[in-house]
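The basis for the numbers below is simple: all heavy atoms, side chains too, and nothing from hydrogens, waters or symmetry mates. Note that ligands are numbered from 1 as they come in the structure, with each ligand's atoms numbered from 1 the same way.
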Amino acid sequence: MLGARTGRAFDAQAFISVPVRAAHSLVRSQNAERRSVRHLFRSGIGGSGVTSTGLIEPERDLCCSRNRASTSPRRNSFEGQPRRPNTSSFAFLTSRLGERLPWRPKQSLGQNFLQDRAVADAIVAAVRACEPTELVEIGTGTGVLTEPLLEFFPQLLSLDIDERAVQYTRARLAESGHFPRKQLSELQARIQKADFLRLEWMSMYGPRTESAPQITLVGNLPYYIVSPILFHCFEHVHRYHQAVFMVQREFAERLAAPTRCKDYGVLSVLAQLHAEMQTLFQVPRTAFCPVPKVDSVVIRFDFRSLPQADSLSDQAYQSDLSVALRQIVRQAFQQRRKTLRNTLGDTVPTRWRHCRPEELQPSDFLELTLSLLREGAQMPLNELRSPA
Ligand SMILES: C[S@@+](CC[C@H](N)C(=O)[O-])C[C@H]1O[C@@H](n2cnc3c(N)ncnc32)[C@H](O)[C@@H]1O
C-alpha cells in the first residue's frame with residue numbers, strides 16, 4: 001500500500017543488484033516514455049496542457065554501450081582478478097569504500113550519493129512535516145530519497161540530468177516490491193531526465209495566479225549548482241513554498257552569516273530576505289559515496305515574498321524586484337572593501353554612502369534597492385533573470 005513504510009534495513013547490496021538491462025526492458029515494456037510530460041502534468045503538478053517543458057525525453061536506445069559498461073559483470077570480473085589496483089578505477093573506488101554504486105559517478109554532476117538510509121529517512125520525515133501538495137526532487141541519483149518519498153507522495157516529480165539515474169531508479173522501484181504493480185509504470189514515469197535549471201516552469205505550471213500550485217522542493221543538491229538553484233527559488237518565491245535541501249556545510253554557513261563576518265555576502269543577503277531557514281541536522285561526509293571533502297547540512301527553507309513588497313500583488317514586480325536586488329547586492333559585494341558610493345554611485349542615499357556592503361543588514365539592501373529603483377536606476381534585468 002502506498003504510504004506504508006516497511007521499516008526494513010537499508011541493504012546496499014540489494015540496492016545495486018538490479019540489472020541495468022532489466023531496468024531497460026522493464027521501462028520499455030511499460031512504455032514509460034510514452035507517458036509524456038503532458039500526461040504527467042495533467043494528472044499531477046500544474047494541471048495545464050503542456051507542449052514543451054524542458055524535460056528531456058529518455059533516450060530511445062536504452063542499451064547503449066555507456067550503460068552496458070556499468071553493469072555488474074564488468075565490476076565482478078575486476079573484483080575476481082588479483083591485479084594491482086588502478087586507483088582511478090570506479091571498481092577500486094567503490095570496493096575501497098566498502099560500497100558499491102550502480103555506475104561510475106560523474107564528479108562534474110555533483111554525484112556524491114547518499115548511502116545512509118537513516119539520513120534518507122530523516123530527510124523524508126522533514127519533507128512530511130512540510131505537508132507538501134506538489135513535490136519536486138532535484139537530483140534523483142540512485143533513488144535513495146526517491147523511493148521512500150514516492151511511498152508517501154505518489155505525486156512526486158523526480159528529476160535528474162543523468163539518464164542513468166532515471167533508468168536505474170525506475171528499475172529500483174520495480175524491484176523494491178513496495179509499489180502496487182498497476183501503479184508502477186505511472187510512478188516510474190514520474191522520474192524524468194531533466195536539467196532543473198532549464199525547465200520551462202511557466203509552461204509547466206501555467207500563468208502566475210493565486211491558485212497556481214505551490215511547490216515544495218527536496219534534494220541532496222549537486223554542489224556545483226546550489227547557488228543557481230537558490231537564486232531561481234528566490235526569484236520565483238510565488239511558485240515555491242518550501243524546500244528541504246542538503247548542502248555542504250560551508251555553504252550553509254554562508255547562507256546564515258551575519259553582517260561584518262567574512263562569510264556575509266550576496267548569498268547571505270538574498271537567502272535571509274527570501275526565506276526563513278532552519279538547520280535540521282548535520283550529515284557527515286562518510287554518509288556519501290564517493291566521500292566528498294566536506295560535511296553536509298540539511299536545511300529547511302520556508303520561502304517568502306520580499307517583506308516590503310507584500311502590498312504589491314503583482315508577482316512580476318516581486319520577481320523584478322528580486323532580480324534588481326540581486327544585481328545591486330552583487331555589485332556592492334564585488335568590491336567589498338569599497339564604500340557603496342564608489343560601487344553603486346551617487347544615487348545611494350546619504351546614510352549608506354560611506355558604508356561598506358558588509359555593514360548593511362539584508363533589510364537595508366532591500367530598502368536601498370527600492371530607493372535606487374525609485375531614482376530610476378537602469379539595470380539590465382533581463383540579463384539576470386533565470387527561466388520563469
Ligand atoms: C548529490 S547527488 C544526489 C543524488 C541522490 N538524491 C542522493 O541523495 O544520493 C546529485 C544528483 O543531481 C543530479 N544533477 C546534477 N545536475 C543536475 C541538474 N542540472 N538538474 C537535475 N539533476 C541534476 C546528478 O546527476 C546527481 O544524481
Side-chain angles (χ1 to χ4, degrees), residues 10 12 15-16 37 53-58 66-67 70 94 97 99-127 135-150 153 156-170 172-173 190-201 204 215 217-233 243-249 251-252 280-281 283-299 386-387:
F10 181 48
F15 173 78
I16 59 120
V37 174
T53 62
L55 289 173
I56 304 161
E57 280 295 306
R66 195 181 46 159
N67 281 343
S70 65
T94 54
L97 294 166
E99 299 283 357
R100 290 181 178 182
L101 294 174
W103 67 84
R104 179 192 286 271
K106 270 194 193 162
Q107 214 177 357
S108 61
L109 293 180
Q111 294 188 338
N112 296 94
F113 300 117
L114 181 63
Q115 298 288 300
D116 188 326
R117 186 59 189 255
V119 175
D121 286 344
I123 293 174
V124 173
V127 174
L135 183 62
V136 176
E137 182 189 12
I138 306 173
T140 312
T142 53
V144 66
L145 292 174
T146 318
E147 190 192 321
L149 281 171
L150 272 172
F153 308 105
L156 172 76
L157 175 63
S158 180
L159 308 172
D160 203 295
I161 199 168
D162 191 336
E163 175 71 17
R164 298 171 304 177
V166 174
Q167 297 304 338
Y168 178 80
T169 306
R170 285 176 176 177
R172 180 181 167 159
L173 292 193
R190 304 200 73 81
I191 303 169
Q192 289 281 330
K193 182 178 177 187
D195 178 344
F196 177 79
L197 290 174
R198 287 173 180 267
L199 286 172
E200 290 171 23
W201 293 100
M204 280 167 71
I215 300 155
L217 295 169
V218 55
N220 167 15
L221 295 185
Y223 67 90
Y224 77 106
I225 47 166
V226 178
S227 300
I229 288 173
L230 283 179
F231 289 144
H232 169 86
C233 294
V244 176
F245 285 151
M246 177 137 60
V247 298
Q248 298 194 334
R249 205 184 60 197
F251 191 89
L280 299 180
F281 51 90
V283 183
R285 65 194 77 181
T286 49
F288 303 91
C289 183
V291 179
K293 290 198 176 83
V294 292
D295 298 324
S296 291
V297 166
V298 175
I299 303 179
S386 58

Which atom of Gly141 lies closest to which atom of Trp103, heavy atoms considered:
O-CH2, 3.6 Å
For atom 12 (O) of ligand 1, what's the nearest protein heavy atom and its distance?
Gly139 CA, 3.3 Å
Please name the pair of heavy atoms, one in Val291 and one in Arg285, separated by the smallest distance, quoted to 0.1 Å.
CG1-O, 3.5 Å
Shortest reach to atom 22 (N) of ligand 1 by a heavy atom, considering only Thr142, Ile138, Ile161:
Ile161
Could you establish whether Ala120 and ligand 1 come within less than 4.0 Å of each other, counting only heavy atoms on the residue side?
no
Identity and separation of the nearest protein heavy atom to atom 15 (C) of ligand 1:
Leu109 O, 3.2 Å
Using heavy-atom distances, let me know which of Phe196, Tyr223, Tyr224 sits nearest atom 16 (N) of ligand 1.
Tyr224
Over all heavy atoms of both residues, which pair between Gln111 and Arg164 is shortest? Give the atoms and the distance, please.
OE1-NH2, 3.7 Å
Set of residues satisfying salt bridge (charged side-chain N to carboxylate O under 4.0 Å, His left out) with respect to Arg249, sequence neighbours excluded:
Glu253, Asp295
Which of the atoms in ligand 1, numbered in the order shown and given with their element, are less than 4.0 Å from a heavy-atom of Ala194?
20 (N), 21 (C)
Which residue from Leu114, Leu101, Leu145, Thr140 reaches closest to atom 5 (C) of ligand 1 through any of its heavy atoms?
Thr140
Proximal ligand 1 atoms for Gly110, defined as those under 4.0 Å from one of its heavy atoms:
1 (C), 2 (S), 10 (C)
Glu137: numbered ligand 1 atoms lying under 4.0 Å from its heavy atoms
6 (N)
Might you point out which heavy atoms bring Phe288 and Asn220 nearest each other, and give the distance in Å?
CE2-ND2, 3.6 Å
Verdict with reasoning, Gln167 to Glu163, per side-chain hydrogen bond (donor to acceptor under 3.5 Å, both in side chains):
CA-CA 6 Å; Gln167 297 304 338; Glu163 175 71 17; 2.5 Å; yes
Contacting atoms of ligand 1, where contact means under 4.0 angstrom from a heavy atom of Asn220
1 (C), 2 (S), 3 (C), 7 (C), 8 (O), 9 (O), 10 (C)
Pro148 and Gly143 have their tightest heavy-atom pair at CD-O, 4.2 Å
Atom 19 (N) of ligand 1 [closest protein heavy-atom partner, distance rounded to 0.1 Å]
Asp195 OD1, 2.8 Å
Could you tell me which non-hydrogen atom of Gln115 sits nearest to which non-hydrogen atom of Cys289, and how far apart they are?
CG-CB, 3.6 Å
Within ligand 1, which atoms have a heavy atom of Gly141 less than 4.0 Å away?
4 (C), 5 (C), 27 (O)
Counting only nitrogen or oxygen atoms and a 3.5 angstrom limit, does Leu197 reach ligand 1?
no
Tell me, do Arg190 and Glu137 make a side-chain contact under 4.5 Å, heavy atoms counted?
no
Can you sort out which atoms of ligand 1 are near Phe113, meaning under 4.0 Å from one of its heavy atoms?
4 (C), 9 (O), 27 (O)
Can you find a pair of side-chain heavy atoms, one from Leu173 and one from Leu150, that are under 4.5 Å apart?
yes
Sub-4.0 Å atoms of ligand 1 with respect to non-hydrogen atoms of Ile225
16 (N), 17 (C), 18 (C), 19 (N)
For ligand 1, which is the ligand I care about here, please tell me if Asp160 has any N or O atom under 3.5 Å from one of the ligand's N or O atoms.
yes
I'd like to know if the side chain of Thr140 pairs up with that of Thr169 as donor and acceptor (distance under 3.5 Å, no hydrogens or angles considered).
no
Please could you name the atoms of ligand 1 that Val144 approaches to less than 4.0 Å, counting only its heavy atoms?
7 (C), 8 (O), 9 (O)
